[in-house]
Amino acid sequence: MSSTSISAIAIEIQNQPGWEGVRDWGLIIQAWADTVSPAIAERSRPKSYSRGILTIATNSSSLAHQLTFGRQALCRQLNTRLIAPIDELRFVAVGFNSYSSTPTATTSQSIPIDSGTIVICSRCNCRAREGELVRWDVCQFCAIDLGKIGGKFKI
């Protein structure tokens with residue numbers, strides 16, 4: 001009996017007729033993570049794709065609002081990575097599920113950003129971890145916007 005890895009079996013199944021949607025959805029999820037900064041990717045996830053409209057779920061209405069302003073640039077960047085074109089991006093503050101409870105560090109400073117206390121950013125009034133405010137005096141997104149930390153996509 002030959003040994004075949006699960007990933008090889010999954011790839012073989014996805015390449016069969018009728019599984020294009022599953023393959024395309026995986027590409028969308030990966031393209032989103034590659035296009036936006038780790039801070040934004042941590043707080044947003046692709047939720048659905050239908051008729052050229054990609055809906056992104058965010059963990060706050062303020063983030064959904066901020067991302068809406070950059071949706072055309074994001075759409076262009078995503079389309080360079082995808083097979084199926086995205087005509088429009090929509091951002092909603094419902095349906096967000098964090099797939100991972102492991103925080104991602106964006107700088108090498110010693111103050112952790114995963115402090116358990118949730119506070120409000122004084123600049124944008126969105127929810128933030130206490131460690132973010134200790135580190136940058138604002139949330140991660142405002143820190144990116146102000147140039148305090150690097151990011152792939154500035155809001």
Side-chain angles (χ1 to χ4, degrees), residues 10 14 18-155:
Q14 288 179 9
W19 285 84
E20 296 86 4
V22 173
R23 182 180 57 245
D24 292 347
W25 184 247
L27 291 173
I28 288 171
I29 291 172
Q30 186 60 48
W32 178 253
D34 292 343
T35 300
V36 298
S37 70
I40 293 173
E42 184 178 300
R43 295 178 63 183
S44 62
R45 301 274 186 272
K47 181 179 179 183
S48 66
Y49 175 76
S50 177
R51 299 179 185 165
I53 299 171
L54 177 61
T55 302
I56 305 292
T58 64
N59 72 342
S60 72
S61 58
S62 62
L63 176 59
H65 185 72
Q66 287 176 331
L67 290 172
T68 298
F69 289 114
R71 70 182 179 274
Q72 289 151 344
L74 279 170
C75 194
R76 282 192 301 272
Q77 291 174 353
L78 286 169
N79 281 332
T80 63
R81 294 178 163 89
L82 298 173
I83 297 168
I86 293 175
D87 300 321
E88 185 179 340
L89 285 171
R90 291 187 181 160
F91 300 96
V92 295
V94 295
F96 176 81
N97 292 320
S98 178
Y99 300 138
S100 171
S101 61
T102 307
T104 57
T106 55
T107 65
S108 61
Q109 296 179 9
S110 61
I111 301 170
I113 62 169
D114 61 340
S115 174
T117 305
I118 300 297
V119 294
I120 303 297
C121 175
S122 60
R123 183 170 182 256
C124 68
N125 293 322
C126 70
R127 296 179 306 167
R129 294 185 184 110
E130 184 180 35
E132 294 173 11
L133 271 67
V134 170
R135 182 182 284 176
W136 301 300
D137 298 320
V138 291
C139 70
Q140 283 183 347
F141 304 107
C142 290
I144 291 170
D145 191 36
L146 295 170
K148 292 183 177 188
I149 58 174
K152 293 181 184 177
F153 179 78
K154 290 189 178 183
I155 298 172

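Model, not experiment: these values are computed from the prediction.
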**Message:** L74 and side-chain contact (heavy atoms from CB on, under 4.5 Å): which single residue from I40, T68, L67 fits?
**Reply:** L67
**Request:** Could you list the residues that satisfy salt bridge (Lys or Arg N to Asp or Glu O under 4.0 Å) with R76, not counting sequence neighbours?
**Result:** none
**Asked** With R90, which residues qualify under salt bridge (Lys or Arg N to Asp or Glu O under 4.0 Å), at least two apart?
**Response** E88
**Complete:** Distance col, row D137:CG vs C139:SG, nearest 0.5 angstrom, shows 11.5 Å
**Prompt:** Distance from R51 atom CZ to D87 atom CG, nearest 0.5 Å?
**Reply:** 12.5 Å
**Asked** Hey, what do you get for CG (L82) to OG1 (T35), rounding to the nearest 0.5 Å?
**Response** 7.5 Å
**Complete:** Closest non-hydrogen atoms of P46 and I28, given as atom of the first, atom of the second and distance, are CB-CG2, 4.0 Å
**Pairs flagged by ring-ring contact (aromatic ring centres under 6.0 Å, His included) wherever residues 31-51 is involved - sequence neighbours left out** = none
**Message:** With a 4.5 Å cut-off on side-chain heavy atoms, are R123 and L146 touching?
**Reply:** yes
**Complete:** Closest non-hydrogen atoms of K47 and V92, given as atom of the first, atom of the second and distance, are CD-CG2, 4.4 Å
**Message:** So, taking the atom named OG in S60 and the one named NE2 in H65, what distance separates them when rounded to the nearest 0.5 Å?
**Reply:** 11.0 Å
**Message:** Return the CD to CG distance between Q66 and L63, rounded to the nearest 0.5 Å.
**Reply:** 6.0 Å
**Message:** Give me the atom names and distance for the closest heavy-atom approach of V138 to A143.
**Reply:** CG2-N, 3.6 Å
**Fill in**
Rounded to the nearest 0.5 Å, the CZ atom of R43 sits from the CD1 atom of I56 at a distance of 15.0 Å
